Amino acid sequence: MTVSVGVTGATGRMGGEVLAAAADRDDLSVAFAVSRSPGASVEGVAVADAADFADLLASHAPDVVVDFTGPASCIEYASACAAAGVAFVTGTTGLSEGGFDALREAASEVPVLYASNFSRGIAALRRAVREAVPALDGYDIELTETHHNAKRDAPSGTALTLLDDIDEARSSVRQTRSDDIDDVRGASPRVHGREGEAPRTEGEVGVHARRAGDIAGEHEILLAGNHESLSLTHRAGSRGVFAAGALDAAAWLADRDAGWYDFTEVLE
């Protein structure tokens with residue numbers, strides 16, 4: 001069965017990559033594409049006005065919408081998909097807690113899959129982090145991420161996901177040592193950059209965001225202690241990696257029941 005896909009943010013960096021990746025697949029077809037800057041054709045697909053999104057959902061009835069836009073736009077698109085009964089895949093980052101609440105509300109009506117990163121390599125990196133942190137308990141941890149100079153949110157959504165993985169891994173270690181639930185739940189202090197006199201404190205995680213050129217995405221987790229260091233690094237050579245993963249997610253999600261889904265479920 002060919003899955004019909006609507007694409008938002010079509011004139012943006014990732015929207016164009018999604019349309020390009022879809023053109024090379026036999027299991028997907030593009031139902032429509034929208035942008036807040038319409039009028040152009042991207043990868044041979046006419047781009048409609050985002051203001052017509054709800055009407056396009058009704059007239060084209062796609063199986064799923066793939067979204068890489070901004071936080072406010074993402075929530076608007078998700079709400080429209082929930083009202084129309086259309087599945088929703090998004091890799092939009094920079095969402096607030098209220099934004100995630102809105103996405104989860106949409107997931108009560110339709111299947112929603114959110115991922116801060118659709119790379120299979122990042123999925124492998126996350127698994128490595130969850131294994132390395134407990135194995136190197138007590139080591140200092142620093143996270144550095146690098147992206148293109150037009151990226152707005154910092155740290156990146158992927159970096160925040162990795163930081164949560166670090167917290168979860170450290171909590172699992174504390175769980176084996178303490179019956180104090182407050183001690184187990186404590187998150188690692190996050191120090192963003194360093195300036196002046198700024199010695200490390202026990203358990204903190206240093207976080208560094210760099211913005212330069214057209215770098216698609218790099219993430220490094222450094223663990224150091226006991227006269228040794230371990231560096232876990234992922235580099236994306238092209239945004240096409242993320243587009244391909246998002247379309248894999250779309251094909252997988254199209255016939256699911258309403259609910260909240262994760263990219264790891266697609267890979268498994």
Side-chain angles (χ1 to χ4, degrees), residues 1-70 73-93 103 106-107 109-120 123 216 236 238-268:
M1 181 184 72
T2 300
V3 174
S4 176
V5 179
V7 179
T8 65
T11 57
R13 293 172 183 264
M14 278 305 304
E17 292 286 353
V18 170
L19 291 173
D24 292 333
R25 297 181 62 143
D26 296 328
D27 60 335
L28 298 167
S29 64
V30 177
F32 64 82
V34 299
S35 170
R36 298 193 184 279
S37 303
S41 177
V42 178
E43 298 294 332
V45 178
V47 179
D49 194 328
D52 298 326
F53 183 69
D55 292 337
L56 290 167
L57 287 176
S59 61
H60 288 74
D63 297 307
V64 60
V65 164
V66 175
D67 169 78
F68 286 93
T69 54
S73 299
C74 171
I75 299 310
E76 291 178 14
Y77 292 135
S79 298
C81 285
V86 176
F88 189 69
V89 170
T90 182
T92 295
T93 58
L103 278 185
E109 302 294 333
V110 296
V112 173
L113 191 150
Y114 169 82
S116 59
N117 194 299
F118 284 97
S119 159
R120 292 174 180 269
S238 165
R239 295 179 187 86
V241 171
F242 312 130
L247 290 175
D248 287 341
W252 180 88
L253 189 70
D255 60 351
R256 303 287 165 177
D257 294 331
W260 183 266
Y261 295 91
D262 184 82
F263 188 51
T264 55
E265 297 175 82
V266 180
L267 299 180
E268 291 169 356

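It should be emphasised that the depicted structure is a prediction, and the values quoted were computed from it without experimental measurement.
Partners of Asp262 by side-chain contact (heavy atoms from CB on, under 4.5 Å), not counting sequence neighbours, listed by chain and number: Thr264, Glu265. Residues that satisfy the side chain to side chain donor-acceptor pair (under 3.5 Å) test with Thr93, not counting sequence neighbours, are Asp153. With sequence neighbours excluded, no residue forms a side-chain contact (heavy atoms from CB on, under 4.5 Å) with Ala244. Scored by the ring pair (Phe, Tyr, Trp, His ring centres under 6.0 Å) test, Phe242 finds no partners at all (sequence neighbours excluded).
Considering only heavy atoms from C-beta on, Ser4 comes within 4.5 Å of Asp63 through its side chain. Using a 4.5 Å heavy-atom threshold, the side chains of Leu57 and Val65 count as touching. Under the 4.5 Å side-chain criterion, counting only non-hydrogen atoms from C-beta, Leu113 is in contact with Phe118.
With rounding to the nearest 0.5 angstrom, the CG atom of Leu56 is 12.0 Å from the OG1 atom of Thr8. Note that OH of Tyr114 is 8.5 Å distant from CG of Leu103, once rounded to the nearest 0.5 Å.
Closest non-hydrogen pair, Val42 versus Gly16, comes out as CG1-CA, 3.9 Å. In this structure, Val241 and Ser119 approach most closely via the heavy-atom pair CG1-CB, 3.8 Å. The two residues Val89 and Ala246 come nearest to each other via the heavy atoms CG1-O, 4.1 Å. Considering all non-hydrogen atoms of both residues, Gly15 and Val7 come closest at O-CG1, 4.1 Å. The two residues Val3 and Ala250 come nearest to each other via the heavy atoms CG1-O, 4.3 Å. Residue Ala87 comes nearest to Cys81 through the heavy atom pair O-SG, 4.5 Å, listed as atom of the first residue, atom of the second, then distance.
Ring centroids of Phe88 and Tyr77 are separated by 6.0 Å or more, keeping the two rings apart.
Residue pairs satisfying the side chain to side chain donor-acceptor pair (under 3.5 Å) criterion with at least one member in residues 14-23, sequence neighbours excluded, are absent.
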Please tabulate, for side-chain N and O atoms in residues 27-38, each donor-acceptor pair with protein atoms closer than 3.5 Å (sequence neighbours left out).
unit_1, atom_1, unit_2, atom_2, d
Asp27, OD1, Arg25, NE, 3.0
Asp27, OD2, Arg25, NH2, 2.9
Ser35, OG, Thr11, OG1, 2.6
Ser35, OG, Ser37, N, 2.9
Arg36, NE, Ser73, OG, 3.0
Arg36, NH2, Ser73, OG, 3.1
Arg36, NH2, Glu76, OE1, 2.9

Does Ser116 form a side-chain contact (heavy atoms from CB on, under 4.5 Å) with Phe263? I'd like the steps, not just the answer. CA-CA 9 Å; Ser116 59; Phe263 188 51; over 6 Å; no
